[in-house]
There are 2 protein chains.
Amino acid sequence: MPVTTTGQKRLQRPPRVTIGQLADALGLAKGTVSRALNDYPDISESTRLRVKRAAQRMGYRPLSHAQAIRTGRTRSLGLVLQSDVHDGMRPFLAEFLSGLTQEASREGWTLTVSTAPSEAELAGVLRRLVEEHKADGFVLPRTMIEDPRVALLRALGVPFVLFGRTGDGRGCSWYDILGEEAMREAVLRLASFGHRRIAFVNGGNRYNYSVLREAGYRAGLREAGLAEAPELMRRDALTPQEGAAATRALLALPEPPTAIVFAVDMAALGAWPVAAELGLAIGRELSVIGYDGVPEGALARPSLTSFDVDTKRAGERLAHLLIRQIRGEEAEALRETERARLREGGSDGPPELTSSELARRLRALRQHVTRTDGRMT
Amino acid sequence: MPVTTTGQKRLQRPPRVTIGQLADALGLAKGTVSRALNDYPDISESTRLRVKRAAQRMGYRPLSHAQAIRTGRTRSLGLVLQSDVHDGMRPFLAEFLSGLTQEASREGWTLTVSTAPSEAELAGVLRRLVEEHKADGFVLPRTMIEDPRVALLRALGVPFVLFGRTGDGRGCSWYDILGEEAMREAVLRLASFGHRRIAFVNGGNRYNYSVLREAGYRAGLREAGLAEAPELMRRDALTPQEGAAATRALLALPEPPTAIVFAVDMAALGAWPVAAELGLAIGRELSVIGYDGVPEGALARPSLTSFDVDTKRAGERLAHLLIRQIRGEEAEALRETERARLREGGSDGPPELTSSELARRLRALRQHVTRTDGRMT
DNA sequence: ACCGTTGCCGAAACCGGTTTCGGAAGTCAC
DNA sequence: GTGACTTCCGAAACCGGTTTCGGCAACGGT
């Protein structure tokens, strides 16, 4: 008895049936039973059936960790979350997990979740899980342009799948939503409403999606025959506060935009308090389109026009792709993308003011008493 | 080679150092090394030190699943989430997981997460995890008054810890926030503002917290010297929609409440659209207090007065308690509770209207054109 | 000098599976 | 009827740890 564990209670779990007992009951060697259950070709069809039926009847289930010691496979997927990130992922975490685990358990796999307190510690946590072989492969959410996790797992030869794409995609498999298409569609929609000055507020600039979404915004402008204006592009807005700051800055321009496309819903929601403060009617005097489909967007008045992302499905597909990769399929052949679906809200529409009219309104407002808004609870 | 797995890639992980290699390097038997690392008393202090240093230097880490086959312990905690629940838990899932995993990994444990598509399947999913021994113990969130998960795990003799209390608490350990105290405090606060008719909108009535919070509301009324009124108590409001319906019903009473205490923030948020619709100023003409501290509450205008729950800490404590229980401590000795902390917002305050004045205002409004609000996107 | 402890470690069994190897029986061709 | 080839299964090794058991050496007491 180890000193540190004195007094441990004896676990008295329900008597599990082991492969040895199953073999005895059948009058077979346990190796034979194992091969029968794993569909080895050197077992006759009749005994295979007999074994499987008996296993079913006796309720035999192999212990995955007992198998792992020989096979090297735990039949579990790993997921490392970064706990200090407060962005769009979080509202969907439950659905994401649900997708991952449901698809995993369909195949008899499980999900091992861990968190890293900061980005710097992500690789360390990951490395520990790999060393202790807690998972056969990993799902990497929120991919960055240069992603240390990718570098690490690639170097270690551990299977992984990305939720999102990345700069150097060699040997990577992924599932992603085409955010660039959504941004393009958003610009074209606004242009068709008659908007001429359409701003873009990007998310975190180290994330891979930000390059793509910006490219989509640009493509949309080009197709709509609108010129790019550097002052209409801002970045690093992930929270309502940051979104509000970006909105304020854009509206302070000599030629303010009449519409703003946000790469991230949570930032887009920052436009509401600013509009209220300036007396602008969102959807008519200032159009806003977001991306993510967060539930808060539907609650806002007017509701936020956004692009729904089916996060549960993402989880399902990622689990599926990862399991296939672990089973030996080529990583680069396992790539899937999907389009986001526009969810029309009340936050965008034909502009009731031109940019210069808007500028005049805002200038007039600044002459007046600036309403101090003390309540920031 | 099994038929179904033909073509599997050979995993070529970095060469792990095994206990055998460590033993060879030290010129010791592997059993000796094992006992040294696990602090058996029959190993001399000097060799124990020598072994531990060498293990450190060579980067040896035991495979938990290799140990599990003999010890029966996986060193992993299990968590089964119910994926069809859209209640207050979800915004905090990330923090909850973060707390659980951080505390677990401090002790070298991991977290295995699974989801059940519905309440009915919860027990089945749990049973499967127990049978395959995917976890040494389980964390059960959202406890119900009669909880089938508790019955199952109790019968199987598997350690578990509750987030919340339950009807029959024999042999249970738990961590919980004293929601009843919060509700009591809410009522007393409103009473001290001068409110005389204080309503209560409860959450799901099968959850254990609902009995407690209702009891707290009643206790608050008693202490404030106010009479209970059955028509002022409603239940089963978990979403903004359900909260809105409850609010509407309460305000349609002959003697409407001037303040409403909600057991769940997400339901409380349903009061905002209703107030807007009826032209009532929340915080002055109708006071609202919630519970949970969801981020949406801080975003609402005026912001929702609520009780913050430190979900990350809950995760940490739960993991801690569960690990101790698995290590053999008595379950009933492992119980912790904590108070929720009031977060003052702008949604409550002294009533500017009495109940009868409020009733008159609302009656007058109903005479006018009822504003149709078609936009429910 | 002898015997009983005690401290410390090696050897081997063990956990519950998987995989390799070899051989017994059956089949087929000649 | 013999040899070669299959088919199918048993036996045993193996995976990486833990735990039991027994024995050697040193020590203490008389």
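Each chain gets a letter, A, B and so on, in the order the sequences are listed, and its residues count up from 1.
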Under 3.5 Å, is there an N or O donor on one side and an acceptor on the other linking the side chain of A:Arg73 and the base of C:dT18?
no

Quick check: any donor-acceptor pair below 3.5 Å linking the side-chain of A:Arg35 to the base of D:dG10?
yes

Does [X] make a side-chain N or O approach to OP1 or OP2 of [N] shorter than 4.0 Å?
X       : N      : result
A:Arg50 : D:dC8  : no
B:Thr47 : C:dC9  : yes
B:Thr32 : C:dC8  : no
B:Tyr60 : D:dG16 : no
A:Tyr40 : C:dT18 : no

Sorted by position of nearest nucleotide on DNA chain D, 5' first, the leading residue of B:Asp42 and B:Ile19 is B:Ile19

Taking the nucleotide of DNA chain D with the nearest heavy atom to each, does A:Arg48 or A:Gly31 sit closer to the 5' end?
A:Arg48

Any side-chain donor paired with an acceptor under 3.5 Å for [X] and [Y]?
X        : Y       : answer
A:Lys134 : A:Ser76 : no
A:Arg50  : A:Thr47 : no
A:Tyr60  : A:Gln21 : no

Once you apply a heavy-atom cut-off of 4.0 Å, does B:Thr18 come out as touching a base, just sugar-phosphate, or nothing?
sugar-phosphate

Check every strand shown and say whether B:Ser44 touches a base, only sugar-phosphate, or nothing at a heavy-atom separation below 4.0 Å.
sugar-phosphate

Rounding to 10 degrees, work out the angle separating the end axes of the helix from C:dA1-D:dT30 to C:dC30-D:dG1 (five pairs an end).
50°

Among B:Thr101, B:Thr112, B:Leu111, which one satisfies side-chain contact (heavy atoms from CB on, under 4.5 Å) with A:Thr112?
B:Thr112

Please say which of B:Val113, B:Val80, B:Val161 ends up in a side-chain contact (heavy atoms from CB on, under 4.5 Å) with B:Val139.
B:Val161

Chi angles and distances behind the side-chain contact (heavy atoms from CB on, under 4.5 Å) call for B:Arg327, B:Glu107
CA-CA 12 Å; B:Arg327 288 199 174 135; B:Glu107 308 265 354; 3.3 Å; yes

With A:Glu121, which residues qualify under salt bridge (charged side-chain N to carboxylate O under 4.0 Å, His left out), at least two apart?
none

